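Have a look at the structure below, then the notes.
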There are 2 protein chains.
Amino acid sequence: MTPPKLLDKAALKERELLIINSAVHLIQQNGIENLTMDKVVTQVPFSKGTVYKHFIGKEDLLLAISNYSLELLGNLFYRAYQFKGCARSRMLLLNFSYLIYAMLYPALFQTVLCAKSPNVVGKSSERHINENERLEIKLMTSIHGIVEDGLNDNNLSLPMNMDIQQLCFSNWSMAYGVITLLSGEVDQCSGRTSLIVERELFNLSNMLYDGMGWKPMTKDKSHCAELKIALAELFPEELALISAKGRELNFNSFS
Amino acid sequence: MTPPKLLDKAALKERELLIINSAVHLIQQNGIENLTMDKVVTQVPFSKGTVYKHFIGKEDLLLAISNYSLELLGNLFYRAYQFKGCARSRMLLLNFSYLIYAMLYPALFQTVLCAKSPNVVGKSSERHINENERLEIKLMTSIHGIVEDGLNDNNLSLPMNMDIQQLCFSNWSMAYGVITLLSGEVDQCSGRTSLIVERELFNLSNMLYDGMGWKPMTKDKSHCAELKIALAELFPEELALISAKGRELNFNSFS
DNA sequence: AACGTCAGTGACGATTCGTCACGTTTCATG
DNA sequence: CATGAAACGTGACGAATCGTCACTGACGTT
């Protein structure tokens, strides 16, 4: 009945990861647009045909890398969600975990964006597309959870005419905008001088939460010291890696 | 002394525009990643060598398209800046002019983003890079102007530890995030159901301005009706074009 | 009329993508 | 253990694309 299985699933998965890792290295070195399948093949102990057995095309490989990257981000978000502390602080923490991710893995951050382009999705396999959706839902779950905690402890109430989903999206798109424009690969825009990504993310997050009426308000509590402590406790390895890259999250320029 | 000039600058400029327009059409039809220099050449009454005289490579052409597009956006922004009305309303109006632009010219909107990638800038000519910076400064000027008007009439005061530039950037990155994630080409993200770009942009802008303490606050004034009128007055042709595309800015879902 | 300069041309080499025909390995079965 | 079918793996190949370069012709200068 069962057709002969020459390779078990674990081995397949392992090879897939090997190919993905090789591709990530190439992207980090040469940039995402200089990634070629030929280069991937030379970095890997398989031939081109085998690589194409795993990924139906270059775009499919990109989507797989994006998924690998979303998995990483999902874990960071989940850690922020689980942290002790009030909901507003944890949401701020979650935004900063997003920033840490973008600083640590700029190539991955960039790939996730690229993989959202319709021509990548259009050329990808069902399998990877479905996994992508699953991972995104997982991300959203952490954000949703924090907002719901805020609603439950009465520090937050839904603004008129808005539901939970809209509130979650507001926070995400805001953080996305700041991080995309100020961190990493995008050439910074003019009038950029003296903009510091961690400071702008902090300020913008707090202005937004104040605008929502999410307590404790900025005027009643300085969130900065607490954030600094929470980051050190929750993401020690990540912060050390950022230091090793010669960059440092700077909290001294705003009290 | 003067070397023989067989072609005047106006003709050169005109040809450049012709090439750019042909490329824009191709992008609208086939997507930006399917744009090839060969296709551009076939659309144009010149040969490949001539096209490469104007643009040192594919990336340089992309940057030129981005500049063309920034010029358009700059005009929309300037119209919003010049509008009569309080500063906060005009800032909201400016964000919506950004949205109109993204809906009307999704291909151009996308190209501006792509052209910010370092490998595009890295392969482009000095001339186009400089023009790009000039155009971005022009954009910023309109935003700056509105914020300064708000400060001058005492409806807005700078939040602690923030300067004008940071305030401008906050507004821009917020609008950028919402529009990028919800309008146009990016495949919408999971948990997207029932998110309407104009509504989220309206809500998020107002929450941010409320968080800044930018008067008149939402609780004292409903900005929706005024926005609707101002848009109809300031961007009639653009709104008609959006209608012609079968899309409509919907203000009924939020009062 | 001879010459120099420059716009314009398109064939060409170099790269890259993805496929396919063929050889090799594995395993169920007799 | 022998056999054959199915899965696995290979790398040469065709098509598409990028960017260059040697060439042509038009025009002004000497």
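A, B, ... follow the sequence lines: proteins, then strands. Residue 1 opens every chain. Computed from a predicted model, the values in this text were never measured in an experiment.
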**Message:** On DNA chain D, does the nearest nucleotide to A:Pro45 precede the nearest nucleotide to B:Gly57 from the 5' side, or the other way round? Give the residue.
**Reply:** A:Pro45
[X] [atom1] to [N] [atom2]: how many Å, rounded?
X: B:Arg15; N: C:dC6; atom1: CZ; atom2: C1'; value: 12 Å
X: A:Asp38; N: D:dA12; atom1: CG; atom2: C1'; value: 12 Å
X: A:Phe46; N: C:dT25; atom1: CZ; atom2: P; value: 16 Å
X: B:Lys39; N: D:dC18; atom1: NZ; atom2: C1'; value: 13 Å
X: B:Leu18; N: C:dG8; atom1: CG; atom2: P; value: 12 Å
X: A:Leu62; N: C:dC17; atom1: CG; atom2: P; value: 11 Å
X: A:Tyr52; N: D:dG11; atom1: OH; atom2: C1'; value: 13 Å
X: B:Leu61; N: D:dC18; atom1: CG; atom2: C1'; value: 13 Å

Between [options], spot the one nearest the side chain of [X], thanks.
X: B:Lys48; options: C:dA11, D:dG11, C:dG18; result: C:dA11
X: B:Ser47; options: C:dT9, D:dT17, C:dC17; result: C:dT9
X: A:Lys53; options: D:dG19, C:dT16, D:dG9; result: D:dG9

**Prompt:** Of A:Gly49 and A:Thr36, whose nearest nucleotide on DNA chain C comes first from the 5' end?
**Reply:** A:Thr36
**Item:** Heavy-atom side-chain proximity of A:Arg247 to A:Ser183 below 4.5 angstrom
**Value:** no
**Message:** Base, sugar-phosphate or nothing for B:Thr50? Non-hydrogen atoms, less than 4.0 Å.
**Reply:** base
**Request:** Mind checking B:Lys58 for me? I need base, sugar-phosphate or nothing, with any heavy atom below 4.0 Å counting as a touch.
**Result:** sugar-phosphate
**Asked** Of the non-hydrogen atoms in B:Gly74 and B:Leu139, which two are nearest, and what is the gap between them?
**Response** CA-CD2, 3.4 Å
Parallel, tilted or perpendicular: rings of [Y] and [X] (30°, 60°):
X: A:Phe109; Y: A:Tyr101; result: perpendicular
X: B:His128; Y: B:Phe55; result: parallel
X: B:Tyr176; Y: A:Tyr176; result: parallel

